[in-house]
Amino acid sequence: MNVKKEPEGGLLISPIRDGTVIDHITGGEALVVLRILGITGTTDESLSVATNVESRISGSKDIVKISNRELSKEEVDRIALLAPEATINIIRDYRVFEKMKVEIPKSVTGFVRCPNPGCITNSNEPVESSFETKRGKLQCIYCDAIISENIAEYII
């Protein structure tokens with residue numbers, strides 16, 4: 001009888017030919033990453049998602065693989081706000097072409113909603129939201145409102 005054994009440390013997700021792998025996402029946050037990237041169930045991209053994968057560094061992590069897509073700077077900045085320990089791997093012809101650790105930007109404009117309903121960015125004025133990042137917090141440059149928890153809820 002031929003019994004097939006799973007290799008120790010084997011692949012949980014099959015490799016992709018071309019695209020992006022987002023690794024070291026905070027455990028349980030992969031679906032939020034997909035949301036902030038605008039990826040829904042109706043997409044041409046092939047997706048692989050692994051959640052709460054064992055990690056020697058952080059205990060558990062999530063991994064997202066997106067075929068045939070490389071992320072823009074703004075998309076990487078969004079991920080950095082949510083998962084500051086994440087790494088982005090650009091895959092070309094099944095090989096890692098480029099690997100980078102995300103960096104939290106000094107400021108973000110246009111993709112974070114201010115929590116203050118009275119802020120000018122939440123009125124009918126043509127003003128984009130703009131925040132400075134300070135020690136894991138976001139501060140609105142118009143009204144000084146601070147987002148320190150649940151940042152993902154404010155990313156648009």
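Computed over heavy atoms, backbone and side chain alike; hydrogens, waters and symmetry mates excluded.
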Practice prompt. Could you check if a side-chain atom of Ile155 sits within less than 4.5 angstrom of a side-chain atom of Phe111, using non-hydrogen atoms only?
Written response: yes
Worksheet entry | pair Thr26-Val32: side-chain heavy atoms closer than 4.5 Å |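 No, too far: nothing below the 4.5 Å cut-off.
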Quick check: closest heavy atoms across [X] and [Y], and the distance to 0.1 Å?
X      : Y      : value
Thr133 : Ser107 : OG1-N, 4.3 Å
Val102 : Ala83  : CG2-O, 3.5 Å
Pro84  : Ile104 : CB-CD1, 3.8 Å

Single-linkage hydrophobic cluster, 4.5 Å side-chain cutoff, [X] and [Y] together:
X      : Y      : answer
Val96  : Ile63  : yes
Val112 : Tyr142 : no
Ile36  : Leu31  : yes

Without swapping roles, check the side chain of [X] against the backbone of [Y] for a donor-acceptor pair under 3.5 Å.
X     : Y      : result
Arg69 : Gly19  : no
Ser72 : Glu75  : yes
Ser67 : Ser46  : yes
Thr87 : Met100 : no
Arg92 : Glu98  : no

Worksheet entry | For Thr51, all residues meeting side-chain contact (heavy atoms from CB on, under 4.5 Å), sequence neighbours excluded |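 Partners of Thr51 under the side-chain contact (heavy atoms from CB on, under 4.5 Å) test: Ala30, Val49, Asp62.
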Worksheet entry | Stepwise side-chain contact (heavy atoms from CB on, under 4.5 Å) check, Ile146 with Leu138 | CA-CA 6 Å; Ile146 294 177; Leu138 298 175; over 6 Å; no
Worksheet entry | Approximate separation, where rounding is to 0.5 Å, of Lys65 NZ and Asn89 CG | 9.5 Å
Response to the item:
Here the gap from Ile16 atom CD1 to Ile66 atom CD1, rounded to the nearest 0.5 Å, amounts to 8.0 Å
More than 12 heavy atoms of other residues, nucleotides or ligands under 6.0 Å from [atom1] of [X]: yes or no?
X      : atom1 : value
Lys101 : NZ    : yes
Arg35  : CZ    : yes
Glu74  : CD    : yes

Discussion item. Could you walk me through whether Leu37 and Val64 satisfy the side-chain contact (heavy atoms from CB on, under 4.5 Å) test, starting with their C-alpha distance in whole Å, then the side-chain angles of each, then the deciding distance to 0.1 Å, before giving a yes or no?
Written reply: CA-CA 11 Å; Leu37 292 176; Val64 172; 5.8 Å; no
Worksheet item: Can Ile91 and Arg17 be said to form a side-chain contact (heavy atoms from CB on, under 4.5 Å), step by step?
Response: CA-CA 7 Å; Ile91 308 299; Arg17 179 181 190 98; over 6 Å; no
Worksheet, complete the sentence: Partner of Glu70 under side-chain contact (heavy atoms from CB on, under 4.5 Å), picked from Asp18, Val76, Ile88, Ile90, is Ile90
Worksheet item: Can Leu82 and Val33 be said to form a side-chain contact (heavy atoms from CB on, under 4.5 Å), step by step?
Response: CA-CA 8 Å; Leu82 176 68; Val33 168; 3.5 Å; yes
Worksheet item: What residues form a side-chain hydrogen bond (donor to acceptor under 3.5 Å, both in side chains) with Asp23, not counting sequence neighbours?
Response: Lys61
Donor-acceptor pairs under 3.5 angstrom involving side-chain atoms of residues 113-128: please list them, not counting sequence neighbours.
| unit_1 | atom_1 | unit_2 | atom_2 | d |
| --- | --- | --- | --- | --- |
| Arg113 | NH2 | Glu153 | O | 3.3 |
| Asn116 | OD1 | Gly118 | N | 2.8 |
| Asn122 | ND2 | Cys114 | O | 3.0 |
| Asn122 | ND2 | Asn116 | O | 2.7 |
| Ser123 | OG | Ile120 | O | 2.7 |
| Ser123 | OG | Glu125 | N | 3.3 |

Discussion item. Between Lys137 and Glu149, does any NZ, NE, NH1 or NH2 come within less than 4.0 Å of an OD or OE carboxylate oxygen?
Written reply: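 Judged by the 4.0 Å cut-off on N to carboxylate O distance, Glu149 and Lys137 do not form a salt bridge.
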